[in-house]
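The basis for the numbers below is simple: all heavy atoms, side chains too, and nothing from hydrogens, waters or symmetry mates. Whatever order the structure lists ligands and atoms in, that order sets their numbers, starting from 1. Count residues from 1 along the sequence.
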Amino acid sequence: MSQAITSVLHEDRVFEPSDAFRRRNRTVHCPDMATYRALYRRSMDDPEGFWAEMASHYHWFRQWNKVLEWECPDAQWFVGARTNVAFNCIDRQIVAGLGDQVAIIWEGEPTTTDPDGHEIRRLTYSDLKREVCRFANALKSLGVGRGDVVTLYMGMVPELAIAMLACARIGAAHSVIFGGFAASAIVDRVEDAKSSIIVTCDGAWRRGHVVPLKASVDEACARTTLIRHVVCLKRCDNAIGWTSGRDLWWHEICATQSDDCPCEEMESEDLLFLLYTSGSTGKPKGVRHTTGGYMVFTATTARYTYNLVPGEGQVYFCTADIGWITGHSYVVYGILPNRVPTVMYEGAPNFPQEDRFWEMVERHKITHFYTAPTAIRAFMKWGDEHPKKHDLSSLIVLGTVGEPINPEAWIWYHETIGGSRCPIVDTMWQTETGGHIITPLPGCTPTVPGSCTLPVFGIDAAIVNERGEELPPNQGGLLVIRRPWPGMLRGIHGDRERYLETYWSKVPGMYVAGDGARRDERGYFWIMGRIDDVINVSGHRLGTMEIESALVSHPAVVEAAVVGIPHEIKGTGIAAFVTLAPTHTGATNDAFRRELCDHVTKEIGAIARPDMIRFAGALPKTRSGKIMRRLLRDIAAGKESMQDTTTLEDFSLLAQLRESDE
Ligand code: WTA
């Protein structure tokens, strides 16, 4: 397993929902465990009835004939129904007379622009509708319509959410690419999705510097013939290249558009978006999410997991970038239908100082704060003085996502940020699941640091062996989901085989998540880490194969093997073992290591930059030629390997690999 967070703190205290939480919340959607169990049982006994009831909170142009059509592994939810996700995120609130309420609170990174020293935009549902309609009409004027895929490669600006909702409004799917990825990642995704339009920004602010997004798009456009138009939002006013005819300014194409754009009536199973994510083999895969089921699942999970209640002054802040699934589901799609303002922040958590988030909590009276364990570990390292400077008493619920949280980080989060009164929801889920699958519910589930506790309604999660048999408590096995749920992926774009192979072939009839896990005596889930060659670096999902491909694309590299290593802040760091071409075998110095790291940064992006590179004459392989990754993981972590090495081709290699200093 690639996750190897070894905790020094043994923590088995159970944290019951606090009275303070109960006093603060007039409404608790799931107020006790008896209610949770009853609802969960209902969702298992009568899934169609349960999800029909959840779906009835939202707007449908046409009702479904059937809630679920299931022919493993293909699910259709709300069959025959028509809806529009943008309508449910925006118009439904306006129809209900809430058009003047705040939908999005955005804060830019630079701190000098306005008299208070902050650049803040508050968009009401009516503002959002106007902006979305204008951009939707602009897209239409460029010939974009139902079934097209629009690529979005932007910073964390409101226009990113606006562009997503504009696509949803006119029935085009979006494919958001995280702004930290390099040009080649754009080329791969654009070509796989057959997308002919990219929306970008001149730049994005990050730690006081401009990330030149448009320049990466230009580089990508030079390497593919697919792109007809690049729409560019002016954000940083940095100098950029311009290709007339192809490139268009956002503000210019929107200037003359009408504020009104009717919502397309989408079929429930129409594609809402593609989101590329890493797997064990090959290039990132385009995970397909559709309209009705995804909408109902994200809005329902958001409502229960965070206990969102409109009209009670709640302000929700998820720190994830929209380039990842967390941003799709829990900055935008799951939150807006719940009528609670969602906070978007443009920049780095430590700009201009390490207290930026806590300053924001105080400034906006944030009630819900959702982040990743890697961020929490960084906050801990930066020191308690930063949160202590600010009034964090507005906080009600804290959340984490992305990797298992180590108990030290959990306790620190609970005490220092949550004032020992806020429940922590450790939400386990994946790009593929669309929304939370295992999580505590605040004010309801007793929590134990490090456990994501119990399954979400409708999620038939279990720990099984490869024959699909459920394992007894505390025995590690495969995390599976045994029946369909509305937010599940509907496939991998253009690759049916890979969909079947990755998720449905290991245990017949069950969705295999790719994580090892166990359940304890009380039924709580403990995630042990990925069982494939995916690593979670700072909560970002990367395939070791992608990094290996980037390394071998350097002319000096013959072969590369990448493994995860325990890392104090990132959770998992990246270690690369590299063999060099005979012409380069002398080049094993630090400057050359840096060159290889820079090469990976250029090929994939800074998030994939190795933390450690080791050179070796050869890589350890089994007789059948497979690289022995487990062995490399032990070597990288400095552990004496417990692994049986009898199949290892060349014993002398081991000594060599251990000696090859960093
Ligand atoms: C891991 C992120 C433990 C897990 C939403 C999963 C977690 C992968 C948790 C998906 C958690 C996510 N506890 N592990 N609370 N949340 N993971 O697709 O290994 O970027 O399979 O989705 O992150 O990563 P992805």
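Under 4.0 angstrom from ligand 1, the non-hydrogen atoms of Pro404 come from both its backbone and its side chain. Neither the backbone nor the side chain of His540 comes within contact range of ligand 1; no heavy atom lies under 4.0 Å. When heavy-atom distances to ligand 1 are checked against a 4.0 Å cut-off, Ile325 comes that close only through its side chain, counted from C-beta outward. Within the 4.0 Å heavy-atom criterion, both parts of Met428, backbone and side chain, lie near ligand 1.
Side-chain contact check for Phe379 versus Tyr413: every heavy-atom pair is 4.5 Å or farther apart. Side-chain contact between Ile547 and Ile574: present, with at least one pair of heavy atoms (C-beta onward) separated by less than 4.5 Å. The shortest distance between side-chain heavy atoms of Cys422 and Leu395 falls below 4.5 Å. Side-chain atoms of Leu272 and Tyr333, non-hydrogen and from C-beta on, do get closer than 4.5 Å to each other.
Each of Trp51, Tyr294, Tyr511, Trp77 was scored for a ring pair (Phe, Tyr, Trp, His ring centres under 6.0 Å) with Trp485, with one residue passing: Tyr511. Between Lys570 and the options Asp611, Thr374, Asn536, a side-chain hydrogen bond (donor to acceptor under 3.5 Å, both in side chains) holds for only Asp611.
Between Trp324 and Phe178, the two ring planes are tilted [angle within 30° to 60°].
Every atom of ligand 1 is numbered from 1 in the order shown, and the set under 4.0 Å from a heavy atom of Thr431 is 18 (O), 20 (O), 22 (O), 25 (P). Close approach of ligand 1 to Ile527 (heavy-atom distance below 4.0 Å) involves ligand atoms 3 (C), 14 (N).
No N or O atom of Val401 sits closer than 3.5 Å to an N or O atom of ligand 1. For ligand 1, the polar-atom distance check finds an N/O of Gln430 within less than 3.5 Å of one of the ligand's N/O atoms.
Within the 4.0 Å heavy-atom shell around ligand 1 one does not find Trp324. Heavy atoms of Cys452 stay at 4.0 angstrom or farther from ligand 1.
A cation-pi geometry, defined here as NZ or CZ lying under 6.0 Å from the six-membered ring centre and within 45° of its normal, does not hold between Arg37 and Tyr40.
Heavy-atom proximity to atom 15 (N) of ligand 1, evaluated over Thr326, Val287, Asp426, Val425, is greatest for Asp426.
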